[in-house]
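Written below as structure tokens is the structure these notes are about.
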Amino acid sequence: MKIIIMGAPGAGKGTHARDISEKYDIPHISTGDILREEVHKGTELGKTAKTYMDSGRLLPDDIIIEIINKRIREDDCKKGYLFDGFPRTIAQAEMLDKVTDLEAVIYLRCSDDIIIKRLTGRRMTTDGKIYNIYFDPPPEDVEVYQRDDDNEETIKERLKVFYDTFGPLMDFYKKKGVFSELKGDDRREIVIKIIFQMLDAIAGA
Ligand code: ADP
């Protein structure tokens, strides 16, 4: 299965992507996670990425396209993949279109007030568990950190960049007949149930 999950920052892409990846046994490819790993390792790519990420801007397409081209050639991608945070521009979508046929593009639509609370309240553990100080506070003995780009100024820029770039991408995938929109505001269990129903129908088709 080849899928994209799209949505504004904080729409829940990463959370649902992990569940989808597990159920359908396909790798979850998050460009944000790949870049954060490079930043963490202190590589040249990581140093470049950090300047963009800290200000909420997108990295140049050629860098992202190279990362994806390399990643999808790995063995685990033979059975499909799930992209999260990619593509973010038409150039990236066109590159992907040349190398693959997508089965579904799922857009999680969320209201702004929920998004702001999810992002400003988001705290995570080093092994990837996500808490939220408003909705799901971490237990006192659990050590959590905040993503460098989850501060108010960068969040504003990330949201602006998302809404500036999303329209053309939505049109691109609508024309291909693979675009579906879901309400991402609801509780995690409700949203993932709907996603699974949709993907089960595609997988069984
Ligand atoms: P979010 O959707 O929460 O903003 P991501 O983890 O997907 O976060 O991305 C974090 C940052 O990484 C982005 O703000 C951007 O700087 C960079 N990035 C991730 N994916 C891409 C991409 N496909 N194209 C360009 N930049 C990207």
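Model, not experiment: these values are computed from the prediction. Note that ligands are numbered from 1 as they come in the structure, with each ligand's atoms numbered from 1 the same way.
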Worksheet item: Hey, which atoms in ligand 1 end up nearer than 4.0 Å to a heavy atom of Lys13?
Response: 2 (O)

Item to complete: From atom 4 (O) of ligand 1, work out which of Arg158, Arg57, Arg118 has a heavy atom at the shortest distance.
Response: Arg158

Fill in: Nearest neighbour in protein (non-hydrogen) for atom 19 (C) of ligand 1
Arg88 NH1, 3.5 Å

Worksheet item: Quick check: does Gly85 get an N/O under 3.5 Å from an N/O on ligand 1?
Response: yes

Discussion item. Given the ring of Tyr131, does Lys129 sit roughly above its face, with NZ or CZ under 6.0 Å from the centre of the six-membered ring and within 45° of the axis?
Written reply: yes

Fill in: From CD1 (Ile202) to NZ (Lys2), nearest 0.5 Å
13.5 Å

Worksheet item: In terms of atom number and element, which parts of ligand 1 are under 4.0 angstrom from non-hydrogen atoms of Thr31?
Response: 19 (C), 20 (N), 21 (C), 23 (N)

Practice prompt. Could you pull out, from Arg147, Met6, Gln92, the option with a heavy atom nearest to atom 24 (N) of ligand 1?
Written response: Gln92

Worksheet item: Would you call Asp149 and Arg147 a salt bridge, taking side-chain N to carboxylate O under 4.0 Å as the test?
Response: yes

Worksheet entry | Min side-chain heavy-atom separation Phe86-Ile64 under 4.5 Å | yes

Discussion item. Please list the nearest protein heavy atom to atom 26 (N) of ligand 1 with its residue and the distance rounded to 0.1 Å.
Written reply: Leu59 N, 3.0 Å

Item to complete: List the closest protein heavy-atom neighbour of atom 18 (N) of ligand 1: residue, atom name, distance to the nearest 0.1 Å.
Response: Leu35 CD1, 3.6 Å

Worksheet item: Any side-chain heavy atom of Ile130 sitting closer than 4.5 Å to one from Thr125?
Response: no

Practice prompt. Could you list which atoms of ligand 1 come closer than 4.0 Å to a heavy atom of Arg36?
Written response: 6 (O), 10 (C)

Discussion item. To check your reading of the model: name the closest protein heavy atom to atom 27 (C) of ligand 1, its residue, and the distance in Å.
Written reply: Ile64 CD1, 4.0 Å

Worksheet item: So does Asp62 have more than 12 non-hydrogen atoms from other groups sitting under 6.0 Å from CG?
Response: yes

Worksheet item: Any idea how Tyr107 and Phe162 line up, ring-wise: parallel (<30°), tilted (30 to 60°), or perpendicular (>60°)?
Response: parallel

